[in-house]
Amino acid sequence: MIRIFAILAGLFFAAGLAWSFLLGASSYISEPPAKTAVEEYHQHPKELQLASDGAFGRFDNEQLQRGFQVYKEVCSNCHSLRYLAFRDLKDLGYNDDEVKAIAAQWSTKQPTFDPKTGDKGERPNVPADHFPLVYYAGQGTPPDLSLITKARHGGPAYVYSLLTGYQDQPAELLKRFPDAKVPEGLHYNPYFASLAIAMPPPLTADGQVSYGDGTKATRDQMAKDVAAFLVWTAEPSLEKRRQLGWAVLGFLIFATVLTYMAYQNVWAGKKGNH
Amino acid sequence: MSFPWANEYTPTHPFMQWLDAKLPLPRFVYNAVGAGYPVPRNLNYFWNFGVLAGFCLVIQIVTGVILAMHYAANSDIAFASVEHIMRDVNWGWMMRYAHANGASAFFVVVYIHIFRGFFYGSYKAPREMIWLLGVVIFLLMMATAFMGYVLPWGQMSFWGAQVITGLFSAIPIVGNALHTWLLGGFAPDNAALNRFFSLHFLLPFVIVGLVILHIWALHIPGSSNPTGVEVKSESDTVPFHPYYTAKDGFGLGVFLVLYCALVFFFPNYLGHPDNYIPANPMQTPAHIVPEWYFWPFYAILRAFTQNFLFIPAKLMGVLAMFSAILMWFFLPWLDRSPVRSARYRPMYKWFLWVLVVDVVVLGYCGGSPAEEPFVMISQIAAIYYFLHFLVILPIVSSLERPEPLPFSITESVLGRDEQAALGVPA
Ligand code: HEM
């Protein structure tokens, strides 16, 4: 009895699926879905190699400091870094006084509220403060950048490609997809999911920042440096994680070899399945 | 239970004798996973996965309890509290990655464990109860994992919760009221997050209880084995300890190497980047996908794109998705072949391998956007999935002619001649 019910239920589901399939397939054949501008023109991130890549990767502190400088002088006008505190910058090789100075001179101040008078005010940042939130009046909402390299496919390569990917909208695209014309106030960027991004090109000219370590601040270099910096902000414990990982794996492989020997030893002389 | 030749627990130390007389807990352990449990001598590595599943459950509970000490179940700060764990809590990043990837490891292990059941017919009499409890455990695991994924309150957390709880609104008449009641609102919000946290904390302990029942039920008939032939005599078995404790120890080592490689080197590989974006009810992600272990079932849900016999497509999808697992409860009675192990079932074996490929295809489609050709492929794959369990299995078992079984486990291990030399009755 139960088998008869089962067979009927199975045929019921199969028929429902076959019906969906037939209708879906026939409309797929009669009106094949048209390609969209995004499908045709969206590009995968460019290759980007960073010192922190791979299982043995280490952060390059000089590069991270340069990237921080780009963030400070360019991106921080619009983007916050709310999950980081100024004191975290010590990881990049800044000493206590430098961190104190960076915090004190940070252009966006910490908001204050006096509960006695109801006055709202501002005070300078201290190393224990998290980076302050930034308010942006222009078009679009600049996302917080703390986690951006974990929050996008491609991570740092995506950030790098996005920053260097601004260009004029191809004429061919406009001819084939007139509706896909980039709206007023947005910018064409083939690495952005919708191809039209609200962020104005932030890195516009070589030498936009002047690096203290003598590295030439080309647009490409600045984009790489800030991408590398944003790998660190997304996961400051990255290096520690991998170092510990090697120790853990080394120990476990050793222990597993021992357990294998123990296993063979216990079963020696006993026929089974070992 | 147990076979008459099982070793008896005989404590020698006076304290252990005293304890045994007052509370025979060591005796219980000895009989459950010690030298007092005779186990077939021919188990292969597929039999390691039950113990591994138990170990995963322990990992999840230990890391989960620690995470709960630092996590804040409030929709305003849940996301930030997870980042606080990642950045400020000592070893917090390790606990979080261990827990998130522990869930994936748990599902890998349990899927292999379930496959073992399909292949070696472990669900058949006299082990139906073990199987039924296993399916309940699996359902609870899925519920637990789903609610756990909501807790970090990222974009996929929020939208996954939205989609999955939205399924309840497909139920006729009461659906909408039920949906609002379950969520404590019209959409996932603080109320939903709090109850999910509460249940996510509770359910693993319910699973612990069910695992105890699962193992208790296992100890009545004893473990099955790759031949599917029941234990007949003492020479068919070895004591669990030290034989299988040693083998399980080695299995655990291999498991930990792979698991730690994931945790320390690819901790975000199995996750979705969107879940590092804080939940935003005003912005739908381009593709809403659940975690990989739900993909085959998600593909079945989305495969129903047309109303059928006046049943709305969405309701069909929901019915099918739940049936895809619930029908496993009937497996012991759908498969009428007296032979357990697929080794000796020439037809069933092939259908089962097709099913494995089929589930992988379904999984691939479930993780892809709901576009062609994935929808059409998942429709075909879902047809096979249902036909396999509900139509092919009952029929094939009466058509197929099984190959000859070995007389006993001992014979299958030693061969006929050596067994005769040992004087074991053939
Ligand atoms: C929390 C998850 C689970 C744990 C901790 C667990 C644990 C175990 C353990 C320790 C064993 C004995 C060792 C072995 O034979 O592998 C076992 C056997 C078994 N489990 Fe599970 N299990 C879990 C989930 C499941 C699920 C989801 C199913 C099926 C839907 C299942 C079905 C079975 C069956 C049929 C057996 C007996 C197998 C035989 O002896 O041939 N288990 N389980």
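We use all heavy atoms of the structure for the numbers below, so side chains are in, but hydrogens, waters and symmetry mates are not. Order of the sequence lines fixes the chain letters, A, B, ..., with proteins taken first and strands second; residue numbering starts at 1 for each chain.
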Given the side-chain rings of Phe12(A) and Phe308(B), with only the six-membered ring counted for Trp, is the space between their centroids under 6.0 Å? yes
Taking atom CD as the centre, does Glu40(A) end up with more than 12 heavy-atom neighbours from other residues, nucleotides or ligands that are less than 6.0 angstrom away? yes
Give the minimum heavy-atom separation between Leu244(A) and Trp93(B), together with the two atoms involved. CD2-CH2, 4.0 Å
Below 4.5 Å, heavy-atom pairs only: which of Val266(A), Ile148(A), Val257(A) has the largest tally toward chain B? Val266(A)
Sub-4.5 Å side-chain heavy-atom contact between Leu147(A) and Phe79(B): yes
In terms of heavy-atom pairs under 4.5 Å with chain A, the winner among Met327(B), Arg87(B), Gln155(B), His272(B) is Arg87(B)
Hey, could you give me the CD/CG distance between Glu83(B) and Leu84(A), rounded to the nearest 0.5 Å? 9.0 Å
Is there side-chain contact between Leu17(A) and Met316(B), with heavy atoms separated by less than 4.5 Å? no
For Tyr260(A), is the OH atom crowded, meaning more than 12 foreign heavy atoms sit under 6.0 Å from it? no
For Asn268(B), is it the side chain, the backbone, both, or neither that has a heavy atom closer than 4.5 Å to a heavy atom of chain A? side chain
Checking heavy atoms, do the side chain of Met94(B), its backbone, both or neither come under 4.5 Å from chain A? side chain
For Ala6(A) versus Leu334(B), what's the shortest heavy-atom pair and its separation? CB-CD2, 3.4 Å
For the CE atom of Met376(B) and the CG atom of Leu22(A), what is their distance to the nearest 0.5 Å? 11.0 Å
Mind checking whether Phe265(B) and Trp246(A) have ring centres under 6.0 Å apart? yes
Treating Trp19(A) as the side-chain partner and Asn307(B) as the backbone partner, does any N or O pair qualify as donor plus acceptor under 3.5 Å? yes
Heavy atoms of Met86(B) and Lys150(A) approach each other most closely as CE-NZ, 3.8 Å
Looking at every non-hydrogen atom in both residues, tell me the closest pair between Ile277(B) and Ala151(A) and how far apart they are. CG1-CB, 3.8 Å
Cut-off 4.5 Å, heavy atoms of chain A, and the answer for Tyr97(B) is side chain
Would the distance check show the side chain of Ser20(A) and the main-chain N or O of Thr305(B) forming a donor-acceptor pair, the cut-off being under 3.5 Å? yes
For atom CZ of Phe113(A), is the number of surrounding heavy atoms from other residues, nucleotides or ligands below 6.0 Å larger than 12? yes
Proximity breakdown for Ile395(B) and chain A, heavy-atom pairs closer than 4.5 Å: side chain
Under 4.5 Å from any heavy atom of chain A, what part of Ala313(B) do you find: side chain, backbone, both or neither? neither
Less than 6.0 Å separating the ring centroids of Trp267(A) and Phe250(B)? no
Between Ile311(B), Leu319(B), Ile300(B), Asp248(B), which shows the greatest number of heavy-atom pairs under 4.5 Å with chain A? Leu319(B)
Look at atom OH of Tyr136(A) and say whether more than 12 heavy atoms of other residues, nucleotides or ligands are closer to it than 6.0 Å. yes
Quick one: what part of Leu309(B) sits under 4.5 Å from any heavy atom of chain A, side chain, backbone, both or neither? side chain
Just by distance, do the side chain of Arg152(A) and the backbone of Asp274(B) share a donor-acceptor pair under 3.5 Å? no
Count the heavy atoms belonging to other residues, nucleotides or ligands that lie under 6.0 Å from CD of Glu47(A), then report whether that count exceeds 12. no
Leu11(A) side chain reached by Leu387(B) side chain, heavy atoms, under 4.5 Å: yes
Top residue by heavy-atom pair count (under 4.5 Å) with chain A, among Phe386(B), Phe389(B), Tyr243(B)? Tyr243(B)
Could you pull out the closest heavy-atom pair between Ser323(B) and Phe13(A), with the gap in Å? OG-CZ, 3.4 Å
Are more than 12 heavy atoms, taken from residues, nucleotides or ligands other than Phe330(B), located less than 6.0 Å from that residue's CZ atom? no
At a heavy-atom separation under 4.5 Å, does Val263(B) approach chain A through its side chain, its backbone, both, or neither? backbone
Taken to the nearest 0.5 Å, the spacing of Arg3(A) CZ from Ser397(B) OG works out to 7.0 Å
Identify the heavy atoms of Phe264(B) and Arg241(A) that sit nearest to each other, and give their distance. O-NE, 2.9 Å
From Met282(B) atom CE to Thr141(A) atom OG1, the distance as rounded to the nearest 0.5 Å: 11.5 Å
